[in-house]
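This report concerns only the one structure given below.
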Amino acid sequence: MSFLRWRRQGRRLGVSLLFVLMASGLWQYQERQYRDDYTWMGVPSWESLTPTSIHRVLRNNGYLAGWSDVRAGALWVSYQVEAVENTSIGSRPGFKADWRTLWPIGTGSYAGSGYDRGHLAPNYAIAAVHGRDAQVDTFLMSNMSPQRPNLNRQLWQRLEEAVMDHFAPRYERLQVVTGPIYPENFMDNAFNRLGFIEVPEAFYKIIVAPHPKTPRALAFIMPQNVRGNEPLDDYLVSIDEVEARTGLDFFPELSASQESALERQVHTQGWAVEQVANRPGRFQ
DNA sequence: TTTGATGT
């Protein structure tokens with residue numbers, strides 16, 4: 001190989017390398033932007049590298065989802081809401097399969113099962129705050145989790161209504177993380193499936209008012225089997241409790257001292273939970 | 001109609 005040719009090839013390689021570096025840098029920058037827009041103090045991560053807590057992040061309009069291929073469901077969704085003036089939203093779009101999950105989960109997969117296609121990232125709040133494209137994305141099957149009707153249509157609906165109508169107006173902005181909870185031992189529930197989808201035993205929702213110095217948080221865990229008219233505050237838990245039951249680490253970028261102040265105990269100051277705890281549902 | 005879905 002002549003010296004000239006060798007030099008030309010070297011230059012070509014250099015240009016390609018530079019291109020790859022720039023492209024991956026740009027991708028990482030964009031990914032980072034996305035995550036910062038939809039999360040506070042980092043996306044949830046797994047506390048230990050176990051098959052049931054590993055997930056990959058699906059990016060949607062209005063929310064992020066942490067998809068588990070082992071559970072065939074999202075382990076968390078993350079989104080932000082604020083109070084809105086215009087409370088009307090578009091009509092419910094149809095449910096839609098999500099090819100990114102790789103699992104053949106169709107819109108009919110829940111039919112006749114006794115479980116609702118329960119939204120993790122909610123239709124109303126996402127639509128009202130983030131618009132139509134985001135609303136459409138909440139109807140992806142990757143955002144659904146099997147929920148008993150009494151939970152989905154009543155207790156859970158009341159909680160989501162409280163988030164938008166009661167909690168959001170009290171603060172500038174809220175960060176919400178929500179998802180399923182499974183029994184502690186994988187094999188106890190491994191065959192409790194609806195098609196490919198593992199059926200959770202409960203659901204959590206964490207709500208944070210992300211003040212830089214004194215953030216406040218509420219967390220709830222609600223089981224599948226409820227009547228639906230229970231007081232919401234019966235289900236208050238600490239974030240540590242949610243972490244223990246999910247194996248996830250929420251808000252991983254918090255310092256150790258911030259984390260223990262926010263996550264170890266139930267702090268209800270500032271939320272006036274009692275004012276909404278017994279509000280009736282819309283659909284009973 | 002404006003916070004959830006199902007099944008006819």
Side-chain angles (χ1 to χ4, degrees), chain A residues 60-63 73-74 77-98 105-171 173-180 194-195 197 199-200 202-207 218 220 222-232 235 271 273 275-284:
Chain A
N60 300 297
N61 292 299
Y63 71 100
V77 298
S78 176
Y79 56 95
Q80 298 192 354
V81 298
E82 60 203 26
V84 293
E85 284 183 13
N86 180 6
T87 58
S88 70
I89 61 165
S91 61
R92 290 166 70 95
F95 291 92
K96 230 172 37 175
D98 187 345
I105 299 169
T107 56
S109 294
Y110 288 55
S113 67
Y115 289 98
D116 278 1
R117 294 177 285 191
H119 280 69
L120 291 175
N123 168 38
Y124 174 78
I126 298 279
V129 177
H130 299 283
R132 181 66 181 178
D133 288 348
Q135 180 183 20
V136 168
D137 281 359
T138 68
F139 280 78
L140 287 166
M141 290 306 292
S142 53
N143 186 41
M144 299 304 143
S145 200
Q147 269 185 337
R148 288 290 185 202
N150 281 2
L151 176 62
N152 186 36
R153 303 173 194 188
Q154 298 195 54
L155 190 65
W156 195 256
Q157 185 276 325
R158 288 167 52 215
L159 177 59
E160 289 183 337
E161 185 163 327
V163 170
M164 278 304 278
D165 293 355
H166 178 76
F167 297 138
R170 305 180 72 84
Y171 298 98
R173 205 173 176 75
L174 297 179
Q175 168 68 50
V176 185
V177 185
T178 199
L194 195 167
I197 305 159
V199 178
F203 294 86
Y204 68 89
K205 189 179 289 291
I206 302 172
I207 304 161
L218 280 187
F220 298 85
M222 294 179 169
Q224 291 275 19
N225 292 311
V226 291
R227 295 185 311 276
N229 58 356
E230 296 88 344
L232 298 180
Y235 301 95
W271 296 100
V273 184
Q275 288 179 21
V276 275
N278 291 295
R279 274 191 202 165
R282 305 176 87 87
F283 308 107
Q284 29 191 338

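So you know, we letter chains A, B, ... as the sequences are listed, proteins then strands, and number each from 1. Just the heavy atoms: all of them, side chains too, but no hydrogens, waters or symmetry mates, feed the values below.
- When rounded to the nearest whole Å, the span between CE of A:M164 and C1' of B:dG4 equals 16 Å.
- Remark on DNA chain B: of its neighbouring residues A:D116 and A:T87, the 5'-side contact belongs to A:T87, judged by nearest-heavy-atom nucleotide.
- Rounded to whole Å, atom C1' of B:dT3 lies 15 Å from atom NE2 of A:H130.
- Separating the CG atom of A:L174 from the P atom of B:dT3 is a distance of 20 Å, rounded to the nearest angstrom.
- Rounded to an integer number of Å, the gap from CD of A:E85 to C1' of B:dT2 is 16 Å.
- A:R173 is linked by a salt bridge (charged side-chain N to carboxylate O under 4.0 Å, His left out) to A:E82, counting only residues two or more places apart in sequence or in another chain.
- For A:R148, the salt bridge (charged side-chain N to carboxylate O under 4.0 Å, His left out) criterion is met by no residue, not counting sequence neighbours.
- Judged as a salt bridge (Lys or Arg N to Asp or Glu O under 4.0 Å), the pairs with a partner in residues 114-136 of chain A (not counting sequence neighbours) are, in order, A:D116-A:R153.
- When rounded to the nearest whole Å, the span between OH of A:Y124 and C1' of B:dA5 equals 19 Å.
- Straight-line distance from the CZ atom of A:R279 to the C1' atom of B:dT3: 12 Å, rounded to whole Å.
- Side-chain N or O atoms of A:N152 include none that pairs as donor or acceptor with a backbone N or O of A:G118 at under 3.5 Å.
- Residues satisfying the salt bridge (charged side-chain N to carboxylate O under 4.0 Å, His left out) criterion with A:R282, sequence neighbours excluded, are A:E161.
- Near-neighbour residues of DNA chain B inside residues 150-160 of chain A, defined by a heavy atom below 4.0 Å, number-ordered: A:N152, A:R153, A:Q157, A:E160.
- Under a 3.5 Å cut-off, the side chain of A:Q224 and the backbone N or O of A:L151 do not form any donor-acceptor pair.
- Using a 4.0 Å heavy-atom criterion, one finds that A:D165 contacts the bases of the nucleic acid, with or without backbone contacts as well.
- Classification of the A:W271-A:Y171 ring pair by plane angle, with boundaries at 30° and 60°, yields tilted.
- Rounded to an integer number of Å, the gap from CG of A:L120 to C1' of B:dT3 is 16 Å.
- Nearest to the side chain of A:H119, among B:dG4, B:dT3, B:dT6, sits B:dG4.
- Contact check of residues 132-147 of chain A against DNA chain B (heavy atom, cut-off under 4.0 Å) returns no residues at all.
- Side-chain atoms of A:R282 come within donor-acceptor range of the base of B:dT2, with a qualifying N/O pair under 3.5 Å.
- Looking at A:D98, its side chain never comes within 3.5 Å of a backbone N or O of A:L140 through a donor-acceptor pair.
- In this structure, the CZ atom of A:F283 is 6 Å from the P atom of B:dG4, given to the nearest Å.
- Within 4.0 Å of A:G118, counting heavy atoms only, lie sugar-phosphate atoms of the nucleic acid but no base atom.
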Please step through ring-ring contact (aromatic ring centres under 6.0 Å, His included) for the pair A:W156 and A:F220, ending with a clear verdict.
CA-CA 10 Å; A:W156 195 256; A:F220 298 85; 8.7 Å; no

